[in-house]
Amino acid sequence: GAPVVFFRTYVGAARKAVKYGLLGVDGLAAVVEAARADLERIEPESAGGSSRWADLNRDIALCQPLLAEGEAEDEAKTVVTV
């Protein structure tokens with residue numbers, strides 16, 4: 001059956017979706033950007049000390065290897081013509 005997963009942020013959910021092959025790295029990057037923008041709109045990061053920002057930033061940090069891997073794959077697919 002399908003695994004049961006737990007997460008604190010949508011970014012965390014998206015990271016797990018990538019792990020299980022349910023979402024691509026491009027989708028993960030879109031979720032990261034949307035989550036940052038949405039939280040910034042309702043609670044600016046400059047306000048400081050928010051557990052929401054701590055959770056989001058932790059999950060974004062955990063996504064960095066996946067995002068970097070996706071960027072490397074994109075660069076490898078790029079064809080340079082002269």
Specify the closest pair of heavy atoms between [X] and [Y], including all atoms of both residues, with the distance to one decimal.
{"X": "Ile42", "Y": "Arg52", "answer": "CD1-NH1, 4.0 Å"}
{"X": "Tyr10", "Y": "Val31", "answer": "O-CG1, 3.7 Å"}
{"X": "Cys63", "Y": "Leu28", "answer": "SG-CD1, 3.7 Å"}
{"X": "Gly24", "Y": "Val18", "answer": "O-CG2, 3.8 Å"}

- Task: Determine yes or no for a side-chain-to-main-chain donor-acceptor pair under 3.5 angstrom, with Glu40 supplying the side chain and Glu45 the backbone.
- Result: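 It does hold such a pair.
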
- Message: Quick test of your reading: applying salt bridge (charged side-chain N to carboxylate O under 4.0 Å, His left out), list the pairs with at least one residue in residues 5-20, sequence neighbours left out, ordered by first then second residue.
- Response: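 Pairs touching residues 5-20 that pass the test: Arg8-Asp55.
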
- Task: Determine, using the 4.5 Å side-chain heavy-atom cutoff (strictly less than), whether Val32 and Tyr20 are members of one ILVMFWY cluster.
- Result: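 Different hydrophobic clusters.
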
- Query: Honestly curious: do Leu22 and Val5 fall in one hydrophobic cluster under the side-chain, below-4.5 Å linking rule?
  - Reply: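 Leu22 clusters together with Val5.
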
- Which value, rounded to the nearest 0.5 Å, describes the distance between Thr9 atom OG1 and Ile60 atom CD1?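 Spacing of OG1 (Thr9) from CD1 (Ile60) equals 7.5 Å.
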
- Report the distance from atom CZ of Arg36 to atom CH2 of Trp53, rounding to the nearest 0.5 Å.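 Going from the CZ atom of Arg36 to the CH2 atom of Trp53 covers 8.0 Å.
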
